[in-house]
Amino acid sequence: MITFLTYLINGLNIGSVYAVIALGYTMVYGVAKMLNFAHGDVIMVGAFLAYCVCAYLGLHPIIAVLGAVIGCTILGILIERLAYKPLRQATSLAVLITAIGMSYFLQNMAQLIWGSDTKSFPSIIQGDAIVLFKTVQDGVTKTLTLSPINILTMASCFIIMIALTLFINKTKMGKAMRCVSEDKGAAELMGINVNLTISVTFAIGSALAAVAGILLCASNYAPLSPTTGSLPGIKAFTAAVFGGIGSIPGAMLGGILLGLIENLGKAYVSSELADAFVFGILIVVLLVKPTGLLGKKIHEKV
Amino acid sequence: MSLLKIDNIHVYYGAIHAIKGVSFEVNEGEIVTLIGANGAGKSTTLNTIAGLIRPRSGMVSFEGKPLHKVTTAKTVSHGMALCPEGRRIFQQMTVKENLEMGGYSRPAKEIPASIEEMFVRFPRLREREKQIAGTLSGGEQQMLAMARALMSKPKLLMLDEPSMGLAPILVEQIFEIIKELHAAGVTILLVEQNAQMALSIADRAYVLETGTVSMSGNADDLLHNDAVRKAYLGS
Ligand SMILES: Nc1ncnc2c1ncn2[C@@H]1O[C@H](COP(=O)(O)OP(=O)(O)O)[C@@H](O)[C@H]1O
Ligand SMILES: [Mg+2]
């Protein structure tokens, strides 16, 4: 039971981070109709920026988070302006190749600046783990604990998800994003500045990526290196497709489910095959529901 | 006074020369209609005026100001609204949200009063206020599209085939509404396949034929012109 709960908590923990990354993929896909494969590498840049502020400048972790968020927001806007915007009219294949190129560009730049060896990420939150539950069975003590970084991760990810949902549904810019994602031309006819809306989308997605990168490294999910963002990026992309690409609640649901399936798969199927198990489930879901769990049918234009 | 002036525009889709030197104007307070067969270039002309497509050459001016180089968002704030072909309402948003988006370019505090005005003009929309727009009937969607365009308080309302795909009784209703809007002071540029109806409510008309204006004049005169009757009125 305790083992199960431990995997459940780990699943929720990593799942909530996947969800936050998946939001970036899904928002950009919805608004700009492209798969931004460099998104995973923005995660890595965010983690490195935070690392620099903490390790080199010796400043407080909160300043590090702020610095990483601001840095990645600017990076996201620049990536869109310089690499993707000139390709608005190009084929989706050309855009995809550019995104893959951007991904390698960011990894190589990181390698050039920080080297390819792994760095140990500073702990951003101190304190003792909370013991939720404790049993003694056959002389073996088992405890269910929640570490401060777990609490911080889940709390910040859930706050981000709630805030983003409110932003998309209630604010003028959020509604403009929904319009652009549904019909760019009609959105322009409303007087919506489509270029600005796309920039804001990239900015928000990249800011979220920075937070996700810091939480991932601080949870010791992955050591910090130029390829830190690759695997979580692909997993989160999978989560976005799983939940229905373009759908905000879909990305959240997909991310959390992916984290849970991955961890329970590790526990009860095989730790080596956990990833294959995750993708197996994804394929089954997509066979049954090609638009993903919460994906909307694309309306035929008249 | 001329509100909108189109001067010798040429529009291309890649190598396709869709509009070949079209000129016309719309005066303040008029209903002007563009009629023509499918593919003549009517929608392309309206989309060019709205700034969705750029002309390769020629001028579009509104109240004397050149507009062919500004963004669509700017044309909206100058006082033009296009209700596009196929309605293109935001299917996944509610009726009320669609109306709010129509008022995007205006101060937020003026929006509730304008929505109320739309509900008075289109009572069906009030009943459907919270409904997802994609679930409305064709006629309701057309009304929503028109109301959404009106939310920007345009001086010039451009309508691209508002009667498309609607039952005759609904077509009558839509044309009644156009007349009411005109009476309320909105200048109207109407594109229609239903030439009979369009000519009967318009002041002036232009006939588009494969990207050029082949005929123009008073709507009444065209309604009784033999060539027009043969080509567009089926008699
Ligand atoms: N997006 C497009 N790409 C290429 N050709 C187009 C496009 N839209 C319209 N056309 C062509 O331009 C011409 C004018 O089309 P359109 O303006 O839609 O005519 P209408 O509204 O009068 O039916 C047609 O020959 C049409 O095939
Ligand atoms: Mg047309």
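Residue numbers start from 1 in every chain, and the chains themselves are labelled A, B, ... in the order their sequence lines are given, proteins ahead of strands.
Salt bridge status for K235(A) with E262(A): present, with a side-chain N to carboxylate O gap under 4.0 Å.
Here the options are V26(B), L67(B), T75(B), the test is side-chain contact (heavy atoms from CB on, under 4.5 Å), and the partner is F62(B); only L67(B) passes.
Using modelled atom types and a 3.5 Å distance limit, the side chains of N195(A) and R88(A) yield a donor-acceptor pair. Between the side chains of Y84(A) and N36(A), a donor-acceptor pair is found at a separation under 3.5 Å. One side chain, S163(B) or E192(B), offers a donor N or O that lies under 3.5 Å from an acceptor on the other.
Residue-level contacts of residues 101-115 of chain B with chain A, in order of numbering, are M101(B), G102(B), Y104(B), S105(B), R106(B); threshold 4.5 Å between heavy atoms. By a heavy-atom distance cut of under 4.5 Å, A50(B), L52(B) are the residues of residues 42-55 of chain B near chain A, going up by number.
Side-chain contact between V17(A) and C157(A): present, with at least one pair of heavy atoms (C-beta onward) separated by less than 4.5 Å. Proximity of Q141(B) to Q91(B): side-chain heavy atoms (C-beta onward) are separated by under 4.5 Å at one or more points.
Remark: the backbone N or O of A94(A) is paired with a side-chain donor or acceptor of T91(A) at under 3.5 angstrom. No donor-acceptor pair under 3.5 Å is formed between the side chain of D183(A) and the backbone N or O of C179(A). At distances below 3.5 Å, not a single donor-acceptor pair connects side-chain atoms of N27(B) with backbone N or O atoms of E30(B).
Of all the listed residues (M80(B), R148(B), K74(B), E100(B)), the one sharing the greatest number of non-hydrogen pairs under 4.5 Å with chain A is R148(B).
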